Amino acid sequence: MSEIMLQQTPVVRVLPVWRAWLDRWPTPAALAAAGPADVVRAWGRLGYPRRALRLHAAATRIAHQHRNEVPNNHAQLLDLPGIGSYTAAAVAVFAFGQRHTVVDTNIRRVHARLFGAKALPAKSLTAAETRLADRLMPKDTELSVKWNQSVMELGALVCTARSPTCHECPVFEQCAWIAAGRPEPDYVPKGQSWHGTDRQVRGAMMAVLRHSSDPVPVSLLLTDRSGAEQLATRIENPGRDSAELLARLWSLPAPPEQRERALDGLVKDGLASRRDNTASLPD
DNA sequence: AACCCGTGGAC
DNA sequence: TGTCCAAGGGT
């Protein structure tokens, strides 16, 4: 549960939600018994809400096909929805104490600097990076678990993406990147655009749907600020928060086609259901 | 390989 | 203010 929540979301934001989920759904079967709408609402603003659906789907599979116990087998973990190479290894290693090669963004960055003399790892995970991580890992199982944890922590706390604190790095003396004079990155990372994107529209729509207990007229989701006034009378009991969330959605600089596309995308991803000219969280 | 998918804190 | 980026996965 925590590993899926931690995919691209910082620990400090995951912690309170994770605790609440454990309290509310202590077992895979308990989570499986919940409806996707409740799951998406409980996900709140962790971001990438499709992860909530995948976690729910994984819990369902675990409940029904694995006797309500999280498999301790790497291949079986990898087969679950929302669990890729990193998460499967992380669970096998950190939950079950097994020896597997863990390669996350922190480990990739540490290795890129320490051994590659690069400021940043490759744009996407390469086979060479996995081979290197595998080769560096201690043979002893217990030690390999600590190794994976340690390298990850080093990247998360010291060898950070921006302004690493090299003066407190335990392997400063052996760092190839330091030896090379801390050269700049050889490429410019493609920043995740946000303003004006479908994602921004989807996010605003999801905020409205999460907050609304009743189906939302599609026209309210698809209109913009110019059309909002004539529709305002259709909001029967908007509530203060709903009105604010709708206002935020309407104020986005998104043309009608983009709003349609965003809603269709949500439906396609199973994050929203649409019928009778209304939209709501998935059934 | 390249691209898509949310959200908010730090700088 | 705007940019960066975070314990990735799926297509």
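Treat the numbers as computed from the prediction; the structure is a model and nothing was measured. Just so we're on the same page: letters track the sequence lines, and every chain starts at 1.
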| field | Residue pairs, two or more places apart or on separate chains, that pass ring-ring contact (aromatic ring centres under 6.0 Å, His included) and touch residues 41-91 of chain A | value | Trp21(A)-Trp43(A), His74(A)-His100(A)

| field | Interface residues of residues 38-64 of chain A with DNA chain B (non-hydrogen, below 4.0 angstrom) | value | Arg45(A), Leu46(A), Gly47(A), Tyr48(A), Pro49(A), Arg50(A)

| request: Using atom types as modelled and distance alone, determine if a side-chain donor or acceptor of Thr101(A) lies under 3.5 Å from a backbone N or O of Ala133(A). | output: no

| Sugar-phosphate only, base, or nothing, as touched by Ser2(A) at under 4.0 Å among non-hydrogen atoms | nothing

| request: For Lys190(A) and for Met206(A), locate the closest nucleotide of DNA chain B by heavy-atom distance; then report the residue assigned to the nucleotide nearer the 5' terminus. | output: Lys190(A)

| message | Could you work out, with side chain to side chain contact (heavy atoms under 4.5 Å, CB included) as the rule, every residue matching Gln65(A), not counting sequence neighbours? | response | Arg61(A)

| field | Pairs involving residues 155-181 of chain A, ordered by first then second residue, that meet side-chain hydrogen bond (donor to acceptor under 3.5 Å, both in side chains) (sequence neighbours left out) | value | Thr165(A)-Glu168(A)

| field | Min side-chain heavy-atom separation Pro185(A)-Lys118(A) under 4.5 Å | value | no

| message | Need one value for Ser124(A): base, sugar-phosphate or nothing, where a base atom within 4.0 Å counts as base even if backbone is also close, heavy atoms only. | response | sugar-phosphate

| Going by heavy atoms in the side chains, are Val110(A) and Asn106(A) under 4.5 Å from each other? | no

| task | Output the residues of residues 195-204 of chain A in contact with DNA chain B, where contact means a heavy atom of the residue under 4.0 Å from an atom of the strand; sort by number or write none. | result | Asp198(A), Arg199(A), Arg202(A), Gly203(A)

| Just wondering, more than 12 heavy atoms not from Arg275(A) lying within 6.0 Å of its CZ? | no

Validation: residues 201-210 of chain A side-chain donor-acceptor distances under 3.5 Å, sequence neighbours left out:
residue   : atom : partner   : partner atom : Å
Arg202(A) : NH1  : Asp269(A) : OD2          : 3.3
Arg202(A) : NH2  : Asp269(A) : OD2          : 2.9
Arg210(A) : NH1  : Gly44(A)  : O            : 3.4

| note | Numerically ordered, the residues 70-81 of chain A set in heavy-atom contact under 4.0 Å with DNA chain B is none

| task | Would you check, one step at a time, whether the test salt bridge (charged side-chain N to carboxylate O under 4.0 Å, His left out) holds for Asp224(A) with Arg259(A)? | result | CA-CA 9 Å; Asp224(A) 59 13; Arg259(A) 296 174 193 269; 5.3 Å; no

| task | Please name all residues satisfying side chain to side chain contact (heavy atoms under 4.5 Å, CB included) with Ala128(A), sequence neighbours left out, ordered by chain then number. | result | Thr126(A), Arg131(A)

| remark: Across all chains, not counting sequence neighbours, the side-chain hydrogen bond (donor to acceptor under 3.5 Å, both in side chains) partners of Arg54(A) are none

| request: Sequence neighbours left out, what passes side chain to side chain contact (heavy atoms under 4.5 Å, CB included) with Ala95(A)? Give chain and number order. | output: Val91(A)

| message | In whole Å, measure the gap between the P atoms of dC11(B) and dA7(C) for me. | response | 14 Å

| Under 3.5 Å, is there a donor-acceptor pair linking the side chains of Gln98(A) and Asn72(A)? | no

| Covered region of DNA chain B, 5' end to 3' end, by chain A [heavy atoms, under 4.0 Å] | dA1(B) to dG9(B)

| Is the closest side-chain heavy-atom distance between Cys169(A) and Ile178(A) below 4.5 Å? | no

| field | Gly191(A) vs Ser85(A), nearer the 5' end of DNA chain C by closest nucleotide | value | Gly191(A)

| task | Have a look at Thr105(A) and say if it touches a base, only the backbone sugar-phosphate, or nothing, with a 4.0 Å heavy-atom cut-off. | result | sugar-phosphate

| task | Give one of base, sugar-phosphate or nothing for Ala90(A), where a contact means two heavy atoms less than 4.0 Å apart. | result | nothing

| field | Range on DNA chain C touched by chain A, heavy atoms, distance below 4.0 Å | value | dC4(C) to dG10(C)

| message | Within the 4.0 Å heavy-atom criterion, would you say Gln149(A) contacts the bases, only the backbone, or no part of the nucleic acid? | response | nothing

| Can you tell me how far P in dG6(B) sits from the matching atom in dT11(C), rounded to whole Å? | 14 Å

| field | Atom CD of Glu184(A): over 12 foreign heavy atoms under 6.0 Å | value | no

| request: Kindly say whether Val145(A) contributes a backbone atom to a donor-acceptor pair with the side chain of Arg99(A) at under 3.5 angstrom? | output: no

| task | Describe the nucleic acid contact of Arg108(A) in one word from base, sugar-phosphate, nothing, applying a heavy-atom distance below 4.0 Å. | result | nothing

